2 protein chains.
Amino acid sequence: MTTGADGRGLAGFAALLADPTRAGFCLALLDGRAWTAGELARAAGVAASTASDHLTRLVAGGLLAEERQGRHRYIRLADPGVAQLVEELAARAPTPATPPRTLRAASEGAALAYARTCYDHLAGRLGVLLHDALLTRGVLDRSGGLALTGTGVTWLAGLGVPVEPLRATRRPLVRDCLDWTERRPHLAGAVGAALCGRFLDLGWTVRGTGRAIRVTPAGRDALAETLGLDPALLAPPASRGSGPARA
Amino acid sequence: MTTGADGRGLAGFAALLADPTRAGFCLALLDGRAWTAGELARAAGVAASTASDHLTRLVAGGLLAEERQGRHRYIRLADPGVAQLVEELAARAPTPATPPRTLRAASEGAALAYARTCYDHLAGRLGVLLHDALLTRGVLDRSGGLALTGTGVTWLAGLGVPVEPLRATRRPLVRDCLDWTERRPHLAGAVGAALCGRFLDLGWTVRGTGRAIRVTPAGRDALAETLGLDPALLAPPASRGSGPARA
DNA sequence: GGCACGGTTCGGGCCGCGCCGAAGAGTCCG
DNA sequence: CGGACTCTTCGGCGCGGCCCGAACCGTGCC
């Protein structure tokens with residue numbers, strides 16, 4: 001009576017992410033960098049032996065990839081598709097029901113809501129603003145699915161991002177990625193990744209702690225000029241008080 | 001040291017799919033129809049009480065939606081996004097390692113590989129052929145992300161599928177969906193769903209058992225004429241022998 | 001060589017989860 | 001009303017998972 005595939009394959013795969021420790025590993029790795037096994041163990045608060053076991057399973061399941069160097073075991077997400085998958089699942093998961101307990105945690109949360117990397121592209125308020133600006137500027141078009149326009153190609157070239165090399169990859173040029181703080185789409189795909197990297201190269205943005213991204217004063221000016229982004233909206237998260245409170 | 005969100009939210013959500021029975025429910029519901037709790041229980045081979053418990057959790061988790069009618073509890077996927085998520089996870093999951101044991105199962109597998117619904121759009125060999133034909137005909141364009149072209153809009157209108165109503169939905173017009181038998185993309189999104197429904201309305205396709213789809217003789221002619229699909233490639237799965245063996 | 005360090009392997013304990021059957025609540029029908 | 005049916009609730013059982021600490025291996029440094 002069981003027509004076709006039973007759920008064992010899917011269940012086994014989903015089980016990889018169904019453990020808080022393993023899920024925490026994947027979320028940490030969403031910053032796009034390679035972590036050592038020990039770093040991940042400490043970040044998750046488990047013994048090294050526990051982490052080692054989990055990592056072996058995640059690698060075997062195709063979610064993570066490893067690279068051994070000397071006595072270190074470097075771990076990263078297997079490919080951008082995994083990052084997308086994890087982000088989508090995280091976006092659908094009910095909030096961890098853990099309101100920030102400490103001031104430090106609250107300010108970290110604000111910094112992440114302001115701007116962060118989502119694997120290799122920009123997310124948070126900055127990511128959504130960028131996405132919207134690219135649409136109004138005609139770099140992107142949404143009349144029939146999200147697509148990069150001809151003017152978009154030249155605009156990118158002017159910014160120092162040639163599009164042709166990006167076409168060579170198997171990755172879609174542009175793609176929606178649901179932002180879990182803004183609950184609205186931001187730009188992913190090869191172009192999203194290239195833009196994120198280019199902004200860093202140009203010094204418009206710099207990496208903060210963890211996945212956090214900060215916009216430099218020069219970046220604020222440049223984004224206002226090239227994309228018409230309101231510098232006021234790009235103001236960094238209020239250190240105290242003046243910013244709108246967020247539940 | 002744990003910057004930002006821990007993995008509990010994600011893990012709890014993934015755990016919903018990490019059980020073979022629950023995963024089987026979701027896979028069965030990928031046919032886009034509403035099943036009763038009892039039907040799902042029988043299909044999965046568990047007691048009604050067990051299924052009831054699982055379904056309650058899946059509904060609470062936002063993966064499924066229920067509708068109570070009299071003494072029946074109708075269950076369907078919560079929204080198309082869930083279908084996409086489940087398909088993506090299933091596509092990445094290693095094959096269930098269950099080569100078909102019976103002749104009946106083998107022929108069912110062949111029928112599904114030939115053509116099936118993927119929630120509400122077409123998948124399988126037919127789905128991939130359709131996707132490719134739409135690209136070569138200029139209905140879709142992939143030069144910068146997957147998009148519906150202007151000629152595509154008129155082509156759809158000629159087929160009796162007005163695009164304007166589709167724009168009203170929050171759903172993307174066109175979207176890639178990775179086919180788990182062909183390992184290549186087919187067309188999803190609002191247009192993919194509309195095309196699938198239109199083909200059924202026109203009598204070009206009919207539903208088989210489960211998620212299987214069959215192409216009628218009239219449908220073969222029509223698809224050849226309007227899209228240039230080779231009728232030979234649309235031949236139904238060989239009942240025995242002559243078809244290419246598939247691992 | 002000696003030591004510190006990162007990672008892995010192994011054994012054991014514990015908690016949670018999935019399963020069932022039996023009993024009960026609600027619905028439809030004769 | 002009484003019977004058939006669907007679904008739910010509740011105990012109880014058993015397996016499998018997650019975790020740790022201790023011992024072990026390999027690397028890099030002094």
Side-chain angles (χ1 to χ4, degrees), chain A residues 1-2 6-29 33-61 63-76, chain B residues 1-2 6-29 33-61 63-76 93 97:
Chain A
M1 198 59 67
T2 61
D6 61 274
R8 279 178 296 171
L10 172 55
F13 187 72
L16 292 175
L17 289 169
D19 174 80
T21 302
R22 287 196 295 268
F25 288 173
C26 293
L27 289 176
L29 290 165
R33 290 184 271 203
W35 295 47
T36 67
E39 286 169 347
L40 287 169
R42 279 188 297 278
V46 295
S49 58
T50 304
S52 175
D53 207 5
H54 285 313
L55 291 175
T56 302
R57 292 168 63 178
L58 287 167
V59 169
L63 280 171
L64 305 185
E66 68 182 11
E67 208 165 331
R68 311 238 177 188
Q69 276 183 23
R71 56 184 172 185
H72 292 282
R73 182 190 194 181
Y74 285 98
I75 302 280
R76 55 179 172 80
Chain B
M1 199 61 64
T2 60
D6 61 276
R8 280 178 295 170
L10 171 56
F13 187 72
L16 292 174
L17 290 168
D19 173 79
T21 302
R22 286 195 295 267
F25 287 172
C26 294
L27 290 177
L29 291 165
R33 290 184 273 202
W35 295 47
T36 67
E39 285 169 347
L40 287 169
R42 279 188 296 277
V46 295
S49 59
T50 303
S52 175
D53 207 4
H54 284 314
L55 291 174
T56 301
R57 292 168 60 175
L58 287 167
V59 169
L63 279 172
L64 305 184
E66 68 182 13
E67 207 164 331
R68 311 240 177 186
Q69 277 183 22
R71 56 184 170 183
H72 292 283
R73 181 191 195 181
Y74 285 98
I75 301 279
R76 55 178 172 78

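Values below: all heavy atoms of this structure, side chains included; hydrogens, waters and symmetry mates excluded. On a predicted model such as this, the values are computed, not experimentally measured, just so you know. Chain letters run A, B, ... following the sequence lines, proteins first and then strands; every chain starts at 1.
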Check: Starting at the 5' end of DNA chain D and moving along, which residue's nearest nucleotide shows up first, Arg22(A) or Gly70(A)?
Finding: Arg22(A)
Pairs under 3.5 Å (N/O, protein and nucleotides 6-8 of chain C):
{"residue": "dG7(C)", "atom": "OP1", "partner": "Ala37(A)", "partner atom": "N", "Å": "3.3"}
{"residue": "dG7(C)", "atom": "OP1", "partner": "Arg73(A)", "partner atom": "N", "Å": "3.4"}
{"residue": "dG7(C)", "atom": "OP2", "partner": "Gly38(A)", "partner atom": "N", "Å": "2.7"}
{"residue": "dT8(C)", "atom": "OP1", "partner": "Arg68(A)", "partner atom": "NH1", "Å": "3.2"}
{"residue": "dT8(C)", "atom": "OP1", "partner": "Arg68(A)", "partner atom": "NH2", "Å": "3.4"}
{"residue": "dT8(C)", "atom": "OP1", "partner": "Arg73(A)", "partner atom": "NE", "Å": "3.3"}
{"residue": "dT8(C)", "atom": "OP1", "partner": "Arg73(A)", "partner atom": "NH1", "Å": "2.8"}
{"residue": "dT8(C)", "atom": "OP2", "partner": "Ser52(A)", "partner atom": "OG", "Å": "2.5"}
{"residue": "dT8(C)", "atom": "OP2", "partner": "Arg73(A)", "partner atom": "NH1", "Å": "3.0"}
{"residue": "dT8(C)", "atom": "O5'", "partner": "Ser52(A)", "partner atom": "OG", "Å": "3.3"}

Show which side-chain atoms of residues 44-58 of chain A pair as donor or acceptor with protein atoms under 3.5 Å away, not counting sequence neighbours.
{"residue": "His54(A)", "atom": "ND1", "partner": "Arg22(A)", "partner atom": "NH1", "Å": "3.0"}
{"residue": "Thr56(A)", "atom": "OG1", "partner": "Ser52(A)", "partner atom": "O", "Å": "2.9"}
{"residue": "Thr56(A)", "atom": "OG1", "partner": "Arg73(A)", "partner atom": "NH2", "Å": "3.4"}

Checklist line | Protein-nucleotide distance (Leu17(B), atom CG; dG18(C), atom C1'), rounded to Å | finding: 16 Å
Check: How many angstroms lie between CG in Asp19(A) and CZ in Arg8(B), if you round to the nearest 0.5 Å?
Finding: 12.5 Å
Checklist line | Minimal non-hydrogen separation, Trp35(A) against Glu39(A), with atom names | finding: CA-OE1, 3.4 Å
Checklist line | Rounded to 10 degrees, the angle between the two terminal axes of the helix from dG1(C)-dC30(D) to dG30(C)-dC1(D), each from five pairs | finding: 30°
Donor-acceptor contacts under 3.5 Å from residues 10-18 of chain A side chains, at least two apart:
none

Next item on the list: Using the test salt bridge (Lys or Arg N to Asp or Glu O under 4.0 Å), find all partners of Arg33(B) that sit at least two apart in sequence or belong to another chain.
Entry: Asp31(B)
Item checked: Partner residues of Arg71(B) under the salt bridge (Lys or Arg N to Asp or Glu O under 4.0 Å) criterion, sequence neighbours left out -> none
Item checked: Minimum heavy-atom distance Arg76(B)-Leu29(B), with the two atoms named -> CA-CD2, 4.1 Å
Check: Between which nucleotides of DNA chain D, 5' to 3', does chain A make heavy-atom contacts below 4.0 Å?
Finding: dG17(D) to dG28(D)
Item checked: Interatomic distance, Glu66(B) atom CD to Arg68(B) atom CZ [nearest 0.5 angstrom] -> 4.5 Å
